[in-house]
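Here the structure is laid out as structure tokens; the discussion comes afterwards.
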Amino acid sequence: METQFYVHLEFPVAARVLATLHYSPDTPHCVEVTFALGGDHAPVTWNLGRELLRDGLSGPAGIGDVQIGPTDLPSRTLRLRLHSPHGTAEFSLPGQALGDFLRRTAKVVPYGREAETPGFLTNLDHALASMLAGPC
């Protein structure tokens, strides 16, 4: 399942960016978000926790590298903050579009039932093996 909408990159520079959200029951806890930065910049992809995004619709959620929550604006705008060794980026995104997308993912795999998806343990084993194979 995939959806696209524009977000506003606020920091380090102000810009309008196309965000593509992808959800697959093969990785039921994650939402893949790809930001098309345009120009000579390659797209940037992050895997974010589906529950973290859902929690961010109603209040501040996340600590460390990923934080999301509503702004003070009445327009249901969310602020997403991503931090990596390369820097920090802050985005404003439409809460309604994200909420609609997450409701569709819940129809595919209901929250709390992720472990019941076919191949979940195989995919989990593969993900853990990939993480452990990398540099420490």
Side-chain angles (χ1 to χ4, degrees):
M1 166 184 323
E2 199 167 88
T3 192
Q4 292 184 329
F5 51 79
Y6 282 96
V7 298
H8 296 277
L9 176 62
E10 299 174 1
F11 180 82
V13 295
R16 189 172 176 208
V17 175
L18 181 64
T20 302
L21 281 67
H22 177 79
Y23 180 76
S24 171
D26 293 336
T27 53
H29 290 287
C30 296
V31 172
E32 182 181 276
V33 183
T34 300
F35 300 98
L37 302 176
D40 294 337
H41 301 286
V44 176
T45 300
W46 282 68
N47 288 303
L48 306 178
R50 182 170 71 141
E51 287 188 23
L52 172 74
L53 294 174
R54 181 192 63 182
D55 293 348
L57 292 171
S58 58
I63 56 173
D65 293 344
V66 179
Q67 299 171 7
I68 187 169
T71 66
D72 294 333
L73 302 175
S75 63
R76 289 197 27 117
T77 300
L78 301 174
R79 174 146 305 127
L80 174 65
R81 184 174 188 268
L82 304 174
H83 178 73
S84 79
H86 304 290
T88 299
E90 293 181 9
F91 298 88
S92 294
L93 58 139
Q96 183 68 42
L98 179 61
D100 291 346
F101 175 76
L102 293 173
R103 279 186 285 284
R104 289 195 312 273
T105 71
K107 290 179 182 176
V108 175
V109 178
Y111 288 98
R113 312 265 318 257
E114 293 88 353
E116 298 172 19
T117 59
F120 174 74
L121 292 177
T122 302
N123 291 327
L124 181 62
D125 286 344
H126 176 68
L128 289 173
S130 296
M131 285 188 285
L132 295 175
C136 294

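All values below come from the heavy atoms of this structure, side chains included, with hydrogens, waters and symmetry mates left out.
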Going through the distances and angles, do Val66 and Arg81 end up as a side chain to side chain contact (heavy atoms under 4.5 Å, CB included)?
-> CA-CA 6 Å; Val66 179; Arg81 184 174 188 268; over 6 Å; no
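- A donor-acceptor contact shorter than 3.5 Å links the side chain of Thr71 to the backbone of Thr77.
- Leu53 CG to Leu102 CG: the interatomic distance, rounded to the nearest 0.5 Å, is 5.5 Å.
- Across all their heavy atoms, Leu9 and Ala89 have their closest contact at CD1-CB, 3.8 Å.
- In this structure, Leu80 and Val7 have side chains that are not in contact, with every pair of non-hydrogen atoms separated by 4.5 Å or more.
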Take Phe101 and Glu2 through the test side chain to side chain contact (heavy atoms under 4.5 Å, CB included) and record every step on the way to the result.
-> CA-CA 8 Å; Phe101 175 76; Glu2 199 167 88; 5.8 Å; no
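- Expressed to the nearest 0.5 Å, how far CZ of Arg76 lies from CG of Leu98 amounts to 9.0 Å.
- Contact check for Val17 versus Tyr6: no side-chain heavy atoms found under the 4.5 Å cut-off.
- From Glu90, atom CD reaches atom NE2 of His8 across 14.5 Å, with rounding to the nearest 0.5 Å.
- Here the CD-NE2 distance, from Gln67 to His83, works out to 10.0 Å after rounding to the nearest 0.5 Å.
- Here the straight-line distance linking atom CG of Leu93 with atom CG of Leu78 works out to 5.0 Å at 0.5 Å rounding.
- Here the closest non-hydrogen pair linking Tyr111 and Arg54 is CG-NH1, 3.2 Å.
- Interatomic distance, Leu21 CG to Phe5 CZ, rounded to the nearest 0.5 Å: 4.5 Å.
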Could you please spell out the steps behind the side chain to side chain contact (heavy atoms under 4.5 Å, CB included) verdict for Thr3 and Thr20?
-> CA-CA 6 Å; Thr3 192; Thr20 302; over 6 Å; no
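- In this structure, Tyr23 contributes its side chain and Pro28 its backbone to a donor-acceptor pair below 3.5 Å.
- Checked against side-chain contact (heavy atoms from CB on, under 4.5 Å), Glu32 has the following partners two or more places apart in sequence or in another chain: His22, Thr34, Thr45, Asn47.
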Please report the C-alpha distance between Leu52 and Ile68 in whole Å, then the side-chain angles of each, then the deciding distance to 0.1 Å, and finally whether the side chain to side chain contact (heavy atoms under 4.5 Å, CB included) criterion is met.
-> CA-CA 8 Å; Leu52 172 74; Ile68 187 169; 4.3 Å; yes
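- The stretch residues 99-109 participates, sequence neighbours left out, in these side chain to side chain donor-acceptor pair (under 3.5 Å) pairs: Arg50-Thr105, Gln96-Asp100, Asp100-Arg103.
- For Phe35, the ring pair (Phe, Tyr, Trp, His ring centres under 6.0 Å) partners are Phe91, not counting sequence neighbours.
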